[in-house]
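First the structure, in the form of structure tokens, and then the observations on it.
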Number of protein chains: 2
Amino acid sequence: MIACPKCAEVGAIMKAGYVRNKQRYVCKDCNYFFTLSDPDQITPRKKTRRHQTTIIDIAKSIGVSNSTVSRALHGHADISPETRQAVLEMAAQMDYQPNQLAYNLVKSRTNTIGMIVPEFTNSFFPNVIIGAHEILTEAGYNLTIMQSNESYQVEVSNTRAMLANRIDGLLISLTQETNNYDHLKVFEKRGIPLVLFNRVCDHVEAPKVVVNDFDASFTAVEHLILNGYERIAHLGGPLNLLVSRERLRGYRAAMEKYGKSIEENMVIQGMFSQQKARIYGKYLLDLENRPDAIFAVNDSSAIEIMLMALEKGIKIPDELGVVGFSDNPESAYIGPGLTTIRQPTGEIGKTTAQWILQLIDSEEEVNLPKQKVLKTELVVRGSSRRSQI
Amino acid sequence: MIACPKCAEVGAIMKAGYVRNKQRYVCKDCNYFFTLSDPDQITPRKKTRRHQTTIIDIAKSIGVSNSTVSRALHGHADISPETRQAVLEMAAQMDYQPNQLAYNLVKSRTNTIGMIVPEFTNSFFPNVIIGAHEILTEAGYNLTIMQSNESYQVEVSNTRAMLANRIDGLLISLTQETNNYDHLKVFEKRGIPLVLFNRVCDHVEAPKVVVNDFDASFTAVEHLILNGYERIAHLGGPLNLLVSRERLRGYRAAMEKYGKSIEENMVIQGMFSQQKARIYGKYLLDLENRPDAIFAVNDSSAIEIMLMALEKGIKIPDELGVVGFSDNPESAYIGPGLTTIRQPTGEIGKTTAQWILQLIDSEEEVNLPKQKVLKTELVVRGSSRRSQI
DNA sequence: AACGTATCCGCAAACGTTACCGATACTTTT
DNA sequence: AAAAGTATCGGTAACGTTTGCGGATACGTT
């Protein structure tokens with residue numbers, strides 16, 4: 001018969017339904033509910049996962065407490081040289097690897113900086129990453145990178161993941177689609193440092209690292225004008241990005257300064273993509289009265305246009321001047337080299353990283369400048385160097 | 001006077017040393033040790049860090065237990081629709097973000113795949129990353145990337161960090177310096193899946209994703225030979241990398257097949273770096289009897305050599321044929337386009353990622369093939385297309 | 001009534017570390 | 001020798017989740 005595990009009574013046991021497919025009993029005497037543990041089903045959940053040696057293992061094997069081990073491993077004070085030595089040796093012997101997860105949980109910090117970039121296809125962001133990586137590694141931080149793939153949705157989900165993983169700070173360059181910034185404001189609210197770079201926006205209270213897009217754009221267009229081009233088109237980026245607006249402003253300013261009239265049908269703001277570049281390029285080159293120069297928002301668009309022009313037999317730079325932006329590696333090598341604006345990509349990364357580190361260290365509100373503007377450089381190559389008229 | 005906090009005795013209090021620079025007392029009566037809490041130093045560690053709402057907060061505010069909240073949030077069974085609804089609403093209202101760290105700790109998994117690459121400067125690895133990223137994101141995994149910067153030391157410390165962060169799997173492409181593989185064997189021992197790609201090695205039991213380097217190399221050299229080049233030099237990579245050895249083998253095989261004698265002073269194995277490429281290039285081009293073609297281990301080296309040759313007035317492809325490896329973006333645009341081997345970078349990334357996912361899912365030992373070889377493609381451009389003799 | 005069943009929820013133990021607060025056992029000073 | 005100081009160690013509560021195991025209620029069935 002079945003006996004009550006509590007009062008050892010035998011007579012008062014009654015069935016009392018099922019729990020998880022196991023017969024359940026109740027002892028009417030002591031009102032104790034119970035099920036019979038199935039002896040067949042011994043150790044039902046065995047540790048399949050190999051056990052990683054923990055601090056406790058070390059502690060046990062040399063007969064000290066885990067707090068002692070912890071302190072010894074971290075070179076803390078309050079530990080005698082002998083025990084420290086013993087702990088370190090045992091740790092090495094047992095092949096101990098600290099569990100960062102537990103550490104992170106208790107310290108509420110991860111020593112990890114997150115970075116979200118829209119794309120990897122151009123050389124720009126990889127180079128920024130290299131710069132940031134250098135600084136962060138030096139400071140003992142890890143860098144985890146995500147790619148929003150120019151999609152707002154992905155960007156949002158990326159920030160969520162970053163948040164869930166409790167990164168100590170976020171470096172982000174926005175998607176060309178991004179119009180809503182609530183997902184960034186969450187970081188402010190949580191007090192997690194945030195630095196925007198390159199593709200920045202207003203509407204969010206965070207430091208920004210950019211280049212002097214206005215000046216660069218102005219210089220580029222001025223350069224074209226000084227080389228005798230008159231009817232200069234601008235193939236710009238999406239206007240929700242500050243970069244695009246600044247470059248547009250620079251373009252307009254330069255045109256205005258030199259008294260060139262802007263033909264509005266030759267100012268196009270579009271998305272970044274090869275396909276779009278082809279479409280807009282075709283449009284511009286097929287115009288009744290086509291421009292004699294094009295200032296494009298990036299090198300890949302510029303190159304796309306150059307290739308189309310060459311195909312059509314339009315001579316560069318004589319019949320068409322082209323200037324790009326960013327100085328991709330291929331730009332130096334294409335037909336007549338592509339004149340472009342070189343951005344200090346490594347510097348951007350470094351600056352961004354340094355800034356986030358400062359924000360993390362300084363508990364609250366250092367009054368740093370809201371924005372840092374790095375200098376670009378006009379690289380003149382064949383695509384715009386017209387024999388002076 | 002000082003009173004004992006326990007027995008309220010006043011007479012029997014004596015000093016009893018210091019703890020952390022604070023005077024310590026003992027009550028001789030009840031043998032109770034204590035320190036005086038400094039009233040000035042009120043709330044010494046105030047919660048500067050903003051409190052993030054936890055599951056417990058939600059539980060309290062709607063009067064259920066935290067286990068109920070947890071189950072509700074995860075769409076578990078055993079929760080009534082009403083409570084689930086209430087929990088979800090409250091979670092949204094309180095702006096709850098799950099703490100992945102705690103989750104990771106209890107589940108012993110992080111849903112994160114680590115990736116270590118030697119460099120970012122060429123387009124190769126970024127493209128691999130794009131491919132891997134796509135697959136992993138789709139499967140709900142995060143990808144965290146580290147850069148070993150072609151340094152063995154950094155690679156080791158990267159693997160340590162990955163280990164500490166308890167990644168679920170590692171994708172790695174080795175440094176050109178890497179000769180010791182103990183840091184990878186740790187992963188085997190721990191049962192953490194590992195996939196090598198591109199820069200792989202023997203000596204470690206893990207799946208490898210590579211391209212058909214031998215065939216590619218053979219094809220490239222054969223192509224040069226068929227274009228009438230006779231004295232073909234090979235600028236290879238460091239021989240501890242399998243890639244380098246395979247490419248060298250392919251080179252030798254092709255030369256042998258067509259009865260070309262190999263002049264051993266024209267076979268150079270060196271490190272990947274622009275500087276080295278320049279040095280070796282100068283050496284080759286300055287040889288008494290210089291080669292009439294060069295097959296280089298990568299495009300940047302090849303381009304470096306092309307530029308040097310052009311500078312010296314050596315005509316490409318007539319006086320010098322050049323073939324590279326990888327098809328960097330700039331290779332299509334340089335002077336006479338650079339003939340090169342296109343690698344399926346995206347595919348490499350995808351394959352690697354798919355493989356690690358399989359390894360994670362299948363508990364132990366699926367007998368997958370040990371190695372996957374992807375196909376490359378010879379891209380013929382101007383640098384090797386000699387007018388047939 | 002007495003018993004059986006299904007549904008829903010709570011308790012509490014992990015997960016591995018850190019850090020606060022004491023507690024020993026000595027050594028030194030008075 | 002008593003009192004005070006020093007150096008070194010331990011106990012244990014967090015950190016925020018998940019989850020196995022039971023408990024409790026409500027309802028259906030003999």
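Each chain gets a letter, A, B and so on, in the order its sequence line appears, and its residues count up from 1. The figures that follow rest on heavy atoms only: side chains count, while hydrogens, waters and symmetry mates do not.
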query = Between the side chain of B/S173 and the main-chain N/O of B/F197, is any donor-acceptor distance below 3.5 Å?
reply = yes

ask   = Taking atom C1' of D/dT8 as reference, at what distance in whole Å does atom CD of A/Q85 sit?
value = 17 Å

Atom pair distance, as rounded to whole Å: CD in B/Q97 and C1' in D/dG16 = 14 Å

message = How long is the straight-line distance from CD of A/E155 back to CD of A/Q147, given to the nearest 0.5 Å?
response = 12.0 Å

remark   = Walking DNA chain C from its 5' end, the first of A/T53 and B/R84 to be reached, judged by nearest nucleotide, is B/R84

query = Going by number, which of residues 99-107 of chain A have a non-hydrogen atom under 4.0 Å from DNA chain D?
reply = A/L105, A/V106

note = Value for CG (A/L136) from CG (A/N111), rounded to nearest 0.5 Å, stands at 11.0 Å

key: For atom CD1 of B/I58 and atom P of D/dG16, their distance in whole Å   = 13 Å

request  = Output all residues satisfying side chain to side chain donor-acceptor pair (under 3.5 Å) with B/S70, sequence neighbours left out; order by chain, then residue number.
outcome  = none

request  = Sequence neighbours left out, what passes side chain to side chain donor-acceptor pair (under 3.5 Å) with B/S148? Give chain and number order.
outcome  = B/T175

task = May I have the distance from B/I79 (atom CD1) to D/dT19 (atom C1'), rounded to whole angstrom?
result = 12 Å

task = Mark yes or no for whether B/N66, through its side chain, and B/I55, through its backbone, hold a donor-acceptor pair below 3.5 Å.
result = no

key: Interface with DNA chain C, restricted to residues 62-73 of chain B and to heavy atoms under 4.0 Å   = B/G63, B/V64, B/S65, B/S67, B/T68, B/R71

request  = Would you please confirm or rule out a distance under 4.0 Å between OP1 or OP2 of D/dC15 and any side-chain N or O of B/T54?
outcome  = no

task = Report yes if a side-chain nitrogen or oxygen of A/T83 is closer than 4.0 Å to either non-bridging phosphate oxygen (OP1 or OP2) of D/dT8; otherwise report no.
result = no

task = Evaluate the ring planes of A/H183 and A/Y152, with Trp represented by its six-membered ring, and classify them as parallel (under 30°), tilted (30 to 60°) or perpendicular (over 60°).
result = perpendicular

key: Rounded distance (Å) that lies between atom C1' of D/dG10 and atom CD1 of A/I56   = 14 Å

note = So the salt bridge (charged side-chain N to carboxylate O under 4.0 Å, His left out) pairs with at least one residue in residues 56-73 of chain A (sequence neighbours excluded) are none

ask   = Taking only residues at least two apart or on different chains, which pairs with a member in residues 82-102 of chain A satisfy salt bridge (charged side-chain N to carboxylate O under 4.0 Å, His left out)?
value = A/D95-B/K189, A/D95-B/R190

task = Give the nucleotide from the list C/dT18, C/dC8, C/dA19 with an atom nearest to the side chain of A/H76.
result = C/dA19

note = Taken to the nearest whole Å, CZ/A/R109 to C1'/D/dG16 is 19 Å

request  = Calculate the interatomic distance between B/D78 atom CG and C/dA6 atom C1'; express it in whole Å.
outcome  = 10 Å

Atom-to-atom span, CG of B/N111 to P of D/dT17 - whole angstrom = 16 Å

key: Which nucleotide in D/dC9, C/dT17, C/dC9 has an atom nearest any side-chain atom of A/I55   = C/dT17

